[in-house]
Amino acid sequence: MTFGRWCQHMRASEAITRLALGASVGDVALALGYQSPSAFIVMFKRLFGRAPQQYLAVAER
């Protein structure tokens with residue numbers, strides 16, 4: 001795994017933690033350095049196959 005890919009996975013892991021604690025997608029996106037919530041959502045979908053809210057809904061079941 002490249003360093004860039006590792007960083008992306010670490011940001012995604014931090015995003016899941018923040019989202020699970022109730023932070024908004026927009027707040028998480030900006031806190032993790034994404035230029036917009038939509039850019040964050042695209043990355044999240046690429047890694048996990050679902051949008052952040054869909055991912056959390058499935059994880060909470």
Side-chain angles (χ1 to χ4, degrees):
M1 179 180 294
T2 66
F3 179 72
R5 190 120 169 110
W6 178 83
C7 288
Q8 185 178 50
H9 281 268
M10 292 304 296
R11 283 193 305 266
S13 176
E14 179 63 18
I16 290 170
T17 299
R18 290 177 185 223
L19 291 167
L21 291 172
S24 72
V25 171
D27 288 346
V28 172
L30 296 177
L32 296 180
Y34 290 89
Q35 295 213 351
S36 68
S38 60
F40 169 74
I41 292 169
V42 167
M43 176 283 302
F44 199 96
K45 281 183 179 179
R46 193 170 0 114
L47 286 179
F48 300 109
R50 300 175 191 272
Q53 296 302 334
Q54 294 169 332
Y55 181 89
L56 289 176
V58 169
E60 291 176 354
R61 289 187 206 169

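If you read the sequence from its start, that first residue is 1, and numbering goes on from there. All heavy atoms count here, side chains included; hydrogens, waters and symmetry mates do not.
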Counting only pairs under 3.5 Å, give me each side-chain donor-acceptor contact of residues 41-53, with atom names and distances, residues two or more places apart or in other chains.
none

Salt bridge (charged side-chain N to carboxylate O under 4.0 Å, His left out) partners for Arg18, two or more places apart
Glu14
Which ILVMFWY residues can you reach from Met1 by hopping between side chains whose heavy atoms are under 4.5 Å apart?
Phe3, Trp6, Met10
Which residue pairs pass the ring pair (Phe, Tyr, Trp, His ring centres under 6.0 Å) test with at least one member in residues 9-38, sequence neighbours excluded?
Tyr34-Phe40
Side-chain donor-acceptor pairs under 3.5 Å in residues 20-30, sequence neighbours left out?
{"residue": "Ser24", "atom": "OG", "partner": "Asp27", "partner atom": "N", "Å": "3.0"}
{"residue": "Ser24", "atom": "OG", "partner": "Asp27", "partner atom": "OD2", "Å": "3.2"}

Does Ser36 have any side-chain hydrogen bond (donor to acceptor under 3.5 Å, both in side chains) partners at least two apart in sequence or in another chain, and if so, which?
Ser38
Test side-chain hydrogen bond (donor to acceptor under 3.5 Å, both in side chains) applied to Gln54 - qualifying residues, sequence neighbours left out
none
